[in-house]
Amino acid sequence: MGYIQILDHPLIQHKISLLRDKNTGTKEFKELVSEIAMLMCYEATRNLPLKEIEVETPISVAKTNVISGRKLAFVPILRAGLGMVEGVMELVPAAKVGHIGIYRDPVTHKAVEYYCKLPSDIEERDVIVVDPMLATGTSAIDAIHTIKRHGVTQIKFMCIIAAPEGIKALQEAHPDIAIYCGVCDERLNDQLYIVPGLGDAGDRIFGTK
Ligand code: URA
């Protein structure tokens, strides 16, 4: 089965608690999503390869490490994933950003991709897909299929809150990807919201409700 890591760092957990609170307003919610994304990205990039270089300091020459290997791209799933982009780009400013828009058909409940714009050199990059909520998993599964079709072989998925149903579905569809998650909640309700969750992440980030 695929790799999953729950990012139980106290700062992440504390900020998720603030995020869940229904009294947290749009401005603070948006800032929190961005901060949590940055902290999660710090953990999700822990295994990036390094190479040693020499740098002249004012005193002498230091043998020191820099990130080597393939470049990164972040792919937010629209629209809530957009809320995580600022935070991750602060950590990895050289990364490129692709966008995938998916909605769930209200009748069939199937994922429908309505937008896809990925960096032209995406196949040369490692990709981290970001979406704050992993509910049924259909959007994440579909987005990752699309990214794989573009030739990407190294993909990670980062979410703030997941439902067990979404984790199971994503691991079954893509056992090769690593999932980084802030917390795994109880379940989905009849409307496919995560319980207890935080409500509709997109609406809370963009103030649309
Ligand atoms: N998407 C959300 O924004 N919230 C949920 O609870 C599930 C999916």
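Just so it is clear, the structure is predicted and the values come from calculations on it, not from any experiment. These numbers come from the heavy atoms of this one structure, side chains and all, not from hydrogens, waters or symmetry mates. Each ligand, and each atom within it, is numbered from 1 in the order the structure gives. The first residue in the sequence is number 1, and the count goes up from there.
What sits closest to atom 8 (C) of ligand 1 on the protein, heavy atoms only, is Ala135 CB, 3.7 Å. Annotation: atom 1 (N) of ligand 1 to nearest protein heavy atom, Met133 CB, 3.8 Å. Counting only heavy atoms of the protein, atom 6 (O) of ligand 1 lies nearest to Ile194 N, 2.7 Å. Given atom 4 (N) of ligand 1, the protein heavy atom at minimum distance is Gly199 O, 2.8 Å. Of the protein's non-hydrogen atoms, the one nearest atom 3 (O) of ligand 1 is Ala201 N, 2.7 Å.
Shown here is His145, whose NE2 atom has more than 12 heavy atoms of other residues, nucleotides or ligands within 6.0 Å.
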Query - From CA spacing to verdict: side chain to side chain contact (heavy atoms under 4.5 Å, CB included), Ile53, Val55 - result: CA-CA 7 Å; Ile53 59 161; Val55 169; 3.7 Å; yes
Requested in this report: Let me see the working for Thr138 and Lys110 under side chain to side chain contact (heavy atoms under 4.5 Å, CB included), right down to the final yes or no.
Outcome: CA-CA 7 Å; Thr138 50; Lys110 287 215 171 110; over 6 Å; no
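Ligand 1 lies less than 4.0 angstrom from a heavy atom belonging to Leu192.
Donor-acceptor pairing under 3.5 Å is lacking for the side chains of Ser17 and Arg20.
Val129 and Ile4 fall within the same hydrophobic cluster, defined by Ile, Leu, Val, Met, Phe, Trp and Tyr side-chain heavy atoms under 4.5 Å apart, directly or through other members.
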